[in-house]
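Okay, so here's the structure we're looking at.
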There are 2 protein chains.
Amino acid sequence: MSTSNGNSQPSDSPKPNGPFWSGGAAERNALAELLYLMGSDARGADALPAVPILMRIVREGNTLFAEGAQAEAIYFIRAGTFKTFRTAEDGYEQVLGFAGRTELVGFESLSTGHYASAAVALEDSSVYALLLRDLLSVGQRNAGLDRTVLQAVSRAMVRRGELAGVMSAVAAEVKLARFFVHLSDFMRVAGQSALTFHLRMSRRDIASYLGVAHETISRAIAALVNLQLVSVHARDVQIRDMRGLQALCGGTRQPVHDSNARHA
Amino acid sequence: MSTSNGNSQPSDSPKPNGPFWSGGAAERNALAELLYLMGSDARGADALPAVPILMRIVREGNTLFAEGAQAEAIYFIRAGTFKTFRTAEDGYEQVLGFAGRTELVGFESLSTGHYASAAVALEDSSVYALLLRDLLSVGQRNAGLDRTVLQAVSRAMVRRGELAGVMSAVAAEVKLARFFVHLSDFMRVAGQSALTFHLRMSRRDIASYLGVAHETISRAIAALVNLQLVSVHARDVQIRDMRGLQALCGGTRQPVHDSNARHA
DNA sequence: CGCGCGATTGAAGCGACTCAACGGCAGTGG
DNA sequence: CCACTGCCGTTGAGTCGCTTCAATCGCGCG
């Protein structure tokens, strides 16, 4: 979703044909790769209708799509990390989420034809693009792809729900603890170390995502470090007490400032 | 989404055949009705494969599905209002959203097989159920239904993003103002009065949805009334100054300096 | 009628926001 | 090569607003 252990191997031949898009003869392979990436069994992947899948490389800091732009495609992330956010009239950036390998971005555009949020790469990344006109075409559907899309969207919905979960916590340390636990879970299912990972986003982005001021993130990190729950150096995070961290996540309302002394 | 003007006519013959499900000969009609309800053009609705659509009545206060339960179906709301929420270990209810006519609930279950949140009817309601096994079946797909599902899910994603939008506001009055504006928008697109509507949810539910204490909701309502922006009696809301209300929505947080997005 | 629940209002404390300053780091251009 | 300039991250101090605890009122319901 948001981190990587310095692995993100650019090994598997991204090399695009054009400035933006690759395609042509490679499309058939791209579709099979996409289904494999997203965890679908590739049964019948050879007997597929001609659903073109394009690949696109996005360098760190570049935008995959802009908020409000005419929607052309939805994107499956092949490698790298993105943040999605909306920009208010006053310029405030509300981060809606971080998306990594195997995740889907840009899907909200399907109902309106315009992207409801922007997506920017937090590191050099690559995505598979599925054009909307192919997704909505009546004929020549690919059942495997359809199922893959539905499942990916379902997961995206779950992650949006988690956003509400982290923002609902009152105390900033609790929000941050939940954020770290979610990150750890993501690393684990990605087959990487669940206790050591690298933040790909700035403190500001985290703050926006959690709904607090960015200074509060600094202080919350310091608090978790003081509690011996984690070690943080720059953007490298090491979880030292997962149990304690999860215990901290429990509190929703009511401050966690434990206070053994109830008022007498 | 969440309100109705006391119209919700139970006229169009809900009458279920069994205790829970209706079906049988009416299924063919139900599919056509569903497509019409969701705004799809019903072209070729007669030449549909046999996709069974079941209808279900849910009385006020009853649960459509429970959090964590094995998922059987996703639901298109035909009439009424639901709230979706997750319950923390300490019993705190985090409201994830309110869903009304033409909206979709339960979709998150698709990726895990279990419902990630619970759905409870806030008034007597009826839904169309689309069984997961039909949704995921490889053969005999209905292109119109597929497209309808995708669009409904897209809209649900947009609404989840709006949740982040309301929770990101700092001041409680701003959150509430945004909530009212969203409600008004929903009423308008539903073809009802955009300035007068009835809240179907409790103050507590609103508070949970907006991420504040329920007492704060009372005070925020009083503040908006004092500002002559709205009138509120019990759960009946009348918007008196839509411009002022929208102006209040503007405030988010201090603007974040441009930063990212180097060259598009 | 009494009980419970929803809603409102008051009082007090504290936690997060805001403003501000500082150090470190990377990119840039003289 | 090194100042210069942003940006990121941290830390401090003060104010404000929300949370929490508490009491009260109205209403529906058994």
Side-chain angles (χ1 to χ4, degrees), chain A residues 59-61 83 90-93 95 120 122-123 166-176 198-208 210-226 231-237 248 251-259 261-264, chain B residues 60-61 83 90 92-93 95 122 166-176 198-208 210-226 231-237 248 251-263:
Chain A
R59 296 279 164 208
E60 175 177 340
K83 72 166 175 177
D90 58 5
Y92 176 73
E93 276 185 13
V95 173
V120 169
L122 296 178
E123 60 182 320
V166 292
M167 292 184 76
S168 70
V170 266
E173 307 92 55
V174 175
K175 293 185 180 187
L176 186 63
H198 181 78
L199 302 175
R200 297 239 96 101
M201 69 291 292
S202 70
R203 304 280 200 266
R204 260 194 169 76
D205 290 336
I206 299 174
S208 173
L210 299 183
V212 298
H214 72 276
E215 299 97 326
T216 304
I217 293 296
S218 276
R219 286 184 248 266
I221 289 178
L224 293 190
V225 170
N226 265 342
S231 295
V232 179
H233 297 99
R235 292 188 180 182
D236 290 307
V237 177
L248 196 62
T252 31
R253 296 276 98 171
Q254 263 101 264
V256 249
H257 247 284
D258 59 330
S259 68
R262 299 200 161 270
H263 76 57
Chain B
E60 175 177 342
K83 72 166 175 178
D90 58 5
Y92 176 72
E93 274 187 13
V95 173
L122 296 177
V166 293
M167 291 184 76
S168 71
V170 266
E173 305 92 54
V174 175
K175 293 185 181 188
L176 187 63
H198 181 80
L199 302 175
R200 298 240 94 101
M201 70 290 293
S202 70
R203 303 282 201 267
R204 254 193 173 78
D205 290 337
I206 298 174
S208 173
L210 299 182
V212 296
H214 71 275
E215 297 97 326
T216 304
I217 292 295
S218 277
R219 286 185 250 265
I221 290 178
L224 294 189
V225 170
N226 265 344
S231 296
V232 179
H233 296 99
R235 292 187 180 182
D236 291 306
V237 177
L248 195 62
T252 31
R253 205 171 287 258
Q254 66 187 15
V256 66
H257 302 305
D258 183 12
S259 71
N260 49 30
R262 309 186 176 171
H263 71 77

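A, B, ... follow the sequence lines: proteins, then strands. Residue 1 opens every chain.
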- Query: Nearest-Å distance, CD (B/Glu93) to P (C/dG6)?
  - Reply: 10 Å

I'd like a list of close polar pairs between nucleotides 11-13 of chain D and the protein, N/O only, cut-off under 3.5 Å.
from: D/dG12; atom 1: N7; to: A/Arg219; atom 2: NH1; distance (Å): 3.1
from: D/dG12; atom 1: O6; to: A/Arg219; atom 2: NH2; distance (Å): 3.3

- Contact letters for nucleotides 25-30 of chain D, in which S counts primed atoms plus P, OP1 and OP2 and B counts the base, heavy atoms under 4.0 Å: ------

- Atom CZ of B/Arg203 and atom P of C/dT9 are separated, to the nearest Å, by 10 Å

- Task: Supply the atom-to-atom distance A/Ile206 CD1 to A/Lys175 NZ, rounded to the nearest 0.5 angstrom.
- Result: 13.5 Å

- Query: How long is the span from the CD atom in B/Glu215 to the CZ atom in B/Arg204, to the nearest 0.5 Å?
  - Reply: 7.5 Å

- Message: Any side-chain N or O of A/Arg204 below 4.0 angstrom from OP1/OP2 of D/dC8?
- Response: yes

- Message: In this structure, how many angstroms lie between the P atom of C/dG15 and the CD atom of A/Glu173, rounded?
- Response: 9 Å

- Message: Could you tell me how far apart A/Ile221 (CD1) and D/dT10 (C1') are, to the nearest whole angstrom?
- Response: 10 Å

- Item | Whole angstrom value for the distance that separates P of C/dT8 from CD1 of B/Ile206 | 9 Å

- Message: Run the side chain to side chain contact (heavy atoms under 4.5 Å, CB included) test on A/Arg203 and A/Ile221 for me, step by step, so that the C-alpha distance in whole Å, both residues' side-chain angles and the decisive distance to 0.1 Å come before the verdict.
- Response: CA-CA 10 Å; A/Arg203 304 280 200 266; A/Ile221 289 178; 3.4 Å; yes

- Item | Pair A/Glu93-A/Lys83, side chain to side chain contact (heavy atoms under 4.5 Å, CB included): steps then yes or no | CA-CA 11 Å; A/Glu93 276 185 13; A/Lys83 72 166 175 177; 3.3 Å; yes

- Task: Go through the steps for A/Leu122 and A/Asp205 under the test side chain to side chain contact (heavy atoms under 4.5 Å, CB included), then give the verdict.
- Result: CA-CA 11 Å; A/Leu122 296 178; A/Asp205 290 336; 4.3 Å; yes

- Message: Distance check, rounded to the nearest 0.5 Å: A/Thr216 atom OG1 versus A/Leu176 atom CG?
- Response: 11.0 Å

- Query: Given atom CD of A/Glu60 and atom P of D/dC8, what is their separation to the nearest angstrom?
  - Reply: 12 Å

- Task: Answer yes or no: does atom CZ of B/Arg235 have more than 12 heavy-atom neighbours from other residues, nucleotides or ligands under 6.0 Å?
- Result: yes

- Spacing between A/Leu199 atom CG and D/dT10 atom P, to the nearest angstrom: 10 Å

- Task: Please say which of B/Leu224, B/Val225, B/Leu199 ends up in a side-chain contact (heavy atoms from CB on, under 4.5 Å) with B/Val232.
- Result: B/Val225

- Query: Roughly how many Å is it from CD1 in B/Ile217 to C1' in C/dT9, rounded to a whole number?
  - Reply: 15 Å

- At under 4.0 Å between heavy atoms, what does A/Ala234 touch on the DNA or RNA strands: base, sugar-phosphate, or nothing? nothing

- Calculate, to the nearest 0.5 Å, the distance between atoms CE and CD belonging to A/Met201 and A/Glu123 respectively. 9.5 Å

